[in-house]
*Asks:* 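Sharing a structure, written as structure tokens. Questions coming.
Quick caveat, the model's predicted, so the values are computed rather than measured. Per chain, numbering begins at 1; letters A, B, ... match sequence-line order.
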Number of protein chains: 2
Amino acid sequence: MGLTKTEIFTTEQNRIADLAKAFAHPARVAILQMLAARKSCVCGDMVDELELAQATVSQHLKELKRIGIIQGEINPPRVCYCINPSVWEEARQTFGAILDSFVPVPSSCC
Amino acid sequence: MGLTKTEIFTTEQNRIADLAKAFAHPARVAILQMLAARKSCVCGDMVDELELAQATVSQHLKELKRIGIIQGEINPPRVCYCINPSVWEEARQTFGAILDSFVPVPSSCC
DNA sequence: AATATTAATCGTAATATTGCGATAATAAAA
DNA sequence: TTTTATTATCGCAATATTACGATTAATATT
């Protein structure tokens with residue numbers, strides 16, 4: 001098939017998956033690292049840093065905007081992108097919670 | 001094209017992306033949540049919990065094994081899956097580090 | 001008004017992912 | 001040895017993702 005059956009999972013599980021998708025491609029990791037470090041902010045500068053075409057970078061930015069983890073401010077003819085602090089915090093909480101929910105114990109089955 | 005240019009990114013960026021992929025599909029989130037809570041452990045039990053075919057669940061387990069975040073112990077005719085504590089800890093460190101690397105400041109550009 | 005700069009979008013191509021039925025593999029149990 | 005139970009793998013189909021050239025859109029600048 002090739003279509004994720006989102007309806008059989010909880011809203012939370014789907015949101016976790018979406019937040020993880022923000023980090024699930026090395027180009028998006030690179031973009032988020034740049035924005036987190038405030039190394040660059042303008043789309044064109046990021047295109048220069050990454051060895052990817054402008055259209056490709058723009059597409060990754062669009063996906064990050066869809067998830068909500070970044071926001072753009074039009075400053076013609078440039079667009080300045082920034083991390084959305086509240087969604088970044090949501091990601092911190094979300095990954096923190098799930099990753100803290102497992103505590104290793106010696107007597108596990110394997 | 002459709003092929004991620006892994007060679008233009010750092011090993012770290014590619015590893016982060018891989019670890020994120022473990023959580024980037026709601027079915028895998030559900031599997032990891034079950035394993036973290038030790039709710040179930042055997043493949044067949046997970047197939048019962050999830051409304052997905054056995055082949056599909058097996059494929060997600062394979063991907064999680066490739067990433068290293070789970071490990072399986074053959075206990076014929078069953079296979080018991082568990083979280084790999086060291087890779088889980090790697091994920092904790094990795095996501096913790098990247099998510100802590102951004103600190104909001106009021107005077108940002110957008 | 002014409003030009004230049006920058007980013008978004010469109011169209012296309014190729015690879016990846018998701019999902020499942022059918023089959024194979026494995027080893028215990030009868 | 002045959003049967004049963006469980007999981008992995010194969011083959012296929014459909015959708016998603018990644019990537020890029022070309023074009024469009026928006027707005028300063030000349």
*Asks:* Are B/Trp88 and B/Leu32 close enough that some pair of their side-chain heavy atoms sits under 4.5 Å apart?
*Replies:*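 Yes; the side chains approach each other to less than 4.5 Å.
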*Asks:* Searching all strands shown, indicate the nucleotide that pairs with D/dT27 (Watson-Crick or G-U wobble; both distances under 3.5 Å).
*Replies:* C/dA4
*Asks:* Would you say A/Ile31 and A/Glu49 make side-chain contact, with heavy atoms under 4.5 Å?
*Replies:* no
*Asks:* Indicate, with a heavy-atom threshold strictly under 4.0 Å, whether B/Ile74 touches base, sugar-phosphate, or nothing.
*Replies:* nothing
*Asks:* Less than 2.5 angstrom apart at the SG atoms, yes or no, for A/Cys80 and A/Cys41?
*Replies:* yes
*Asks:* Find out whether B/Leu50 and B/Val57 are in side-chain contact, i.e. whether some heavy atom of one side chain is under 4.5 Å from a heavy atom of the other.
*Replies:* yes
*Asks:* What integer distance in Å separates B/Leu3:CG from D/dC20:P?
*Replies:* 11 Å
*Asks:* If you take all heavy atoms of A/Ile67 and A/Asp18, which pair is closest and at what distance?
*Replies:* CD1-O, 3.4 Å
*Asks:* Within this structure, what is the CZ-to-C1' distance between A/Arg28 and D/dT17, rounded to whole angstrom?
*Replies:* 9 Å
*Asks:* Under 4.0 Å, heavy atom to any atom of DNA chain C: which of residues 4-18 of chain A qualify?
*Replies:* A/Thr4, A/Lys5
*Asks:* What string of B, S and - do you get for nucleotides 6-11 of chain D 5' to 3' if you count protein non-hydrogen atoms under 4.0 Å?
*Replies:* SBBB--
*Asks:* Less than 4.5 Å apart, any side-chain heavy atom of B/Ile8 and any of A/Leu52?
*Replies:*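 They are in contact (side-chain heavy atoms under 4.5 Å apart), so the answer is yes.
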*Asks:* For A/Glu51 and D/dT18, what is the distance between atoms CD and P respectively, to the nearest whole Å?
*Replies:* 18 Å
*Asks:* Take atom CD in A/Glu12; do more than 12 heavy atoms of anything else shown fall under 6.0 Å from it?
*Replies:*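 At most 12 heavy atoms, drawn from other residues, nucleotides or ligands, come within 6.0 Å of this atom.
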*Asks:* How about A/Asp45 and A/Met34: do any of their side-chain heavy atoms sit closer than 4.5 Å?
*Replies:* no
*Asks:* Rounded to whole angstrom units, what separation is found between the NE2 atom of A/His60 and the P atom of D/dT17?
*Replies:* 11 Å
*Asks:* I would like to know whether A/His60 and A/His25 meet side chain to side chain contact (heavy atoms under 4.5 Å, CB included); could you show each step before the answer?
*Replies:* CA-CA 9 Å; A/His60 282 302; A/His25 190 285; 3.8 Å; yes
*Asks:* Could you walk me through whether A/Arg28 and A/Glu63 pass the side chain to side chain contact (heavy atoms under 4.5 Å, CB included) test, one step at a time?
*Replies:* CA-CA 9 Å; A/Arg28 292 197 291 271; A/Glu63 173 69 1; 4.3 Å; yes
*Asks:* Parallel, tilted or perpendicular: which one describes the rings of A/Phe95 and B/Phe23, with boundaries at 30° and 60°?
*Replies:* perpendicular
*Asks:* Considering only heavy atoms of chain B and a distance under 4.0 Å, specify the first and last nucleotide of DNA chain C in 5' to 3' order that meet this criterion.
*Replies:*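 First and last nucleotides in contact are C/dA13 to C/dA27.
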